[in-house]
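Notes to accompany the following structure.
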Amino acid sequence: ADALSETIERTLVLVKPDGVRRGLSGEILRRVEAKGYTLAAVQLLDATPELLAAHYAEHEGKPFFAPLVDFMLSGPILAVVAEGQGVIPGFRSLAGATDPTAAAPGTIRGDLGRDWGLKVQQNLVHGSDSPESAAREIALWFPGL
Ligand code: RTP
Ligand code: MG
């Protein structure tokens with residue numbers, strides 16, 4: 001890479017079942033692309049308990065773990081690899097705070113999400129939180145990429 005080329009950085013974005021169900025996949029991908037990131041891979045799929053146990057291993061044992069897994073099994077998920085310099089923190093910033101009630105307007109969760117009175121925060125999207133998480137999660141959701 002020369003001095004004029006950016007560092008390729010990748011993150012895993014998931015449009016969770018609530019986002020797919022509400023027809024927000026296009027709006028969410030639009031925001032990722034409008035920010036300037038590139039879509040490197042996109043796949044609509046149904047998760048499995050095994051995939052989710054691996055993906056959410058850090059949350060095993062927490063009270064919201066079982067409801068979270070049930071929610072993530074409740075419908076198809078749009079898995080996306082997004083690419084661009086700074087995309088890992090950049091997408092977390094686009095997504096906004098975990099709790100959609102608290103998430104700032106202008107963010108995906110702040111503009112498009114709310115409290116639905118359910119046991120787990122249905123907050124439309126997931127984004128990897130570090131380079132290590134991104135590598136691990138991309139390998140889980142896109143084996144062979
Ligand atoms: P994500 O991993 O989905 O990008 O979200 P995050 O980092 O903002 O949140 P994290 O703490 O990693 O939690 C993972 C997901 O679990 C659900 N959650 N519900 N108390 C609750 O009801 C609760 N806490 C977490 C959310 O769907 C959150 O995104
Ligand atoms: Mg997280």
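Heavy-atom basis, side chains included; hydrogens, waters and symmetry copies ignored. We count ligands from 1, going down the list as the structure has it; atoms in each ligand are counted the same way. Since this is a predicted model, take the numbers as computed values, not measurements.
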With a cutoff of 4.0 Å, is [X] in contact with ligand 1, counting heavy atoms of the residue only?
X      : value
Lys16  : yes
Arg109 : yes
Leu68  : yes
His59  : yes

[atom] [closest protein heavy-atom partner, distance rounded to 0.1 Å]:
atom                    : result
atom 7 (O) of ligand 1  : Arg92 NH1, 3.0 Å
atom 2 (O) of ligand 1  : His126 ND1, 3.0 Å
atom 20 (N) of ligand 1 : Phe64 CD2, 3.9 Å
atom 8 (O) of ligand 1  : Thr98 OG1, 2.4 Å

- [ ] Kindly compute the distance separating CZ (Phe71) from CZ (Phe64), expressed to the nearest 0.5 Å.
- [x]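 Taking CZ in Phe71 and CZ in Phe64, the distance rounds to 12.5 Å.
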
Task: Heavy-atom check, side chain of Leu124 versus side chain of Arg22, under 4.5 Å - done: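 Yes. Closest side-chain heavy atoms under 4.5 Å.
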
Task: Polar contact flag, side-chain donor to acceptor under 3.5 angstrom, Ser128-Glu137 - done: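 Short answer, yes.
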
- [ ] Using a strict 4.0 Å threshold on nitrogen-to-oxygen distance, state whether Glu27 and Arg31 make a salt bridge.
- [x]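 Looking at Glu27 and Arg31, the cut-off is met.
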
Task: Region of Phe71 that comes within reach of ligand 1 [heavy atoms, distance under 4.0 Å] - done: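 No part of Phe71 comes within reach of ligand 1.
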
Open item on the list: Please state which option from Leu118, Asn123, Val69 has its nearest heavy atom closest to atom 29 (O) of ligand 1.
Closed with: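 Among Leu118, Asn123, Val69, the closest heavy atom to atom 29 (O) of ligand 1 belongs to Asn123.
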
